[in-house]
Amino acid sequence: MHYLPSCHSTNEVAQDLLHTDVAEGTVVITDDQFAGKGQGGNQWRSFPGQNLTFSLILRPIFLMPKEQFLITVFLSLGIKEALEEILPGEVKIKWPNDIYFKNKKIAGLLIENVLRGNHYDSCIAGIGLNVNQIDFPDDIRATSMKLGANREVELNAMLNSLMRSIASYYSMLQQDKKAFLAENYHHSLLGLGEERKFSAAGEEFTGIIEGTDEYGRLQVRRGNEILTFQHKEIQMLF
Ligand code: BTN
């Protein structure tokens, strides 16, 4: 565990550690991340000392690069399970890797893979979990554990619980329980089987999430057609 009172981005610090002989399972964590990276070049903003912002170094050398969606799968399930100890029932995975509580984002994941030829070298899994922050900008659909549970949650206890749960899902992946993980992910998807509004290629439509394919692409039923989308090609509207 590398604890930094403040840093620009734990994912960046973890990337630097990859040039040393850092062990799998190393965690870089900070209380005050001032240039946090989000998906798609966005920023991840987190009030100092109120939330968890950390990165986990993995060496999933047993996976093929084409199986990289399984990293998203096991991490999202690990986070979901740890959250459910405090927020039972309504924690879902919004495809591909956002964790939602009651239709609002409570945690985000930024997975950065280092591939070498046709093999995995390492993977940085950056996790931002809103724990005790209660104010969020109006233009983002965000919530926190404190808003959901109506009480403060101790950060270290939550980190321990996340680590336990993530480690247990990682060992399922190491033991090749891929079908079980995929099934569990499928049933955890936000909006699964429900009629929802989407926007894709500049058009809005109503459809039903059917699941994901083996590469993790989203499958949405629109009328009699099943449409397949890559990350960022479709947005679910609320
Ligand atoms: C998202 O956009 O949903 C992904 C957010 C990921 C944020 C975490 S916070 C810890 C780690 N370090 C970063 O710079 N980003 C990730």
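Predicted model only: the values in this text are computed from it and were never measured. Indexing begins at 1, ligand by ligand and atom by atom, following the structure's order. Below, all heavy atoms of this structure are taken into account, side chains as well, without hydrogens, waters or symmetry copies.
For ligand 1, the 4.0 Å heavy-atom shell takes in Ser9, Thr10, Asn11, Gln33, Gly36, Lys37, Gly38, Gln39, Trp44, Thr53, Phe54, Ser55, Asp98, Lys105, Gly108, Leu109, Leu110, Gly126, Ile127, Gly128, ordered by chain and residue number.
Pairs passing the salt bridge (Lys or Arg N to Asp or Glu O under 4.0 Å) check and including a residue from residues 87-99, sequence neighbours excluded, read Asp98-Lys105.
Ionic pairing of Lys37 and Glu112 is present here: one or more N-O contacts between side-chain nitrogen and carboxylate oxygen are shorter than 4.0 angstrom. By the 4.0 Å N-to-carboxylate-O rule, Lys197 lies too far from Glu204 to be salt-bridged with it.
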Starting from the C-alpha separation in whole Å, work towards a yes-or-no answer on side chain to side chain donor-acceptor pair (under 3.5 Å) for Gln175 and Tyr170. CA-CA 9 Å; Gln175 291 160 35; Tyr170 191 49; over 6 Å; no
Distance-only check: which donor-acceptor pairs under 3.5 Å involve side-chain atoms of residues 222-237, not counting sequence neighbours?
from, atom 1, to, atom 2, distance (Å)
Arg222, NH2, Glu203, OE2, 2.7
Glu233, OE1, Gln230, N, 2.8

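Under the salt bridge (Lys or Arg N to Asp or Glu O under 4.0 Å) criterion, Asp32 pairs with no residue at all, not counting sequence neighbours.
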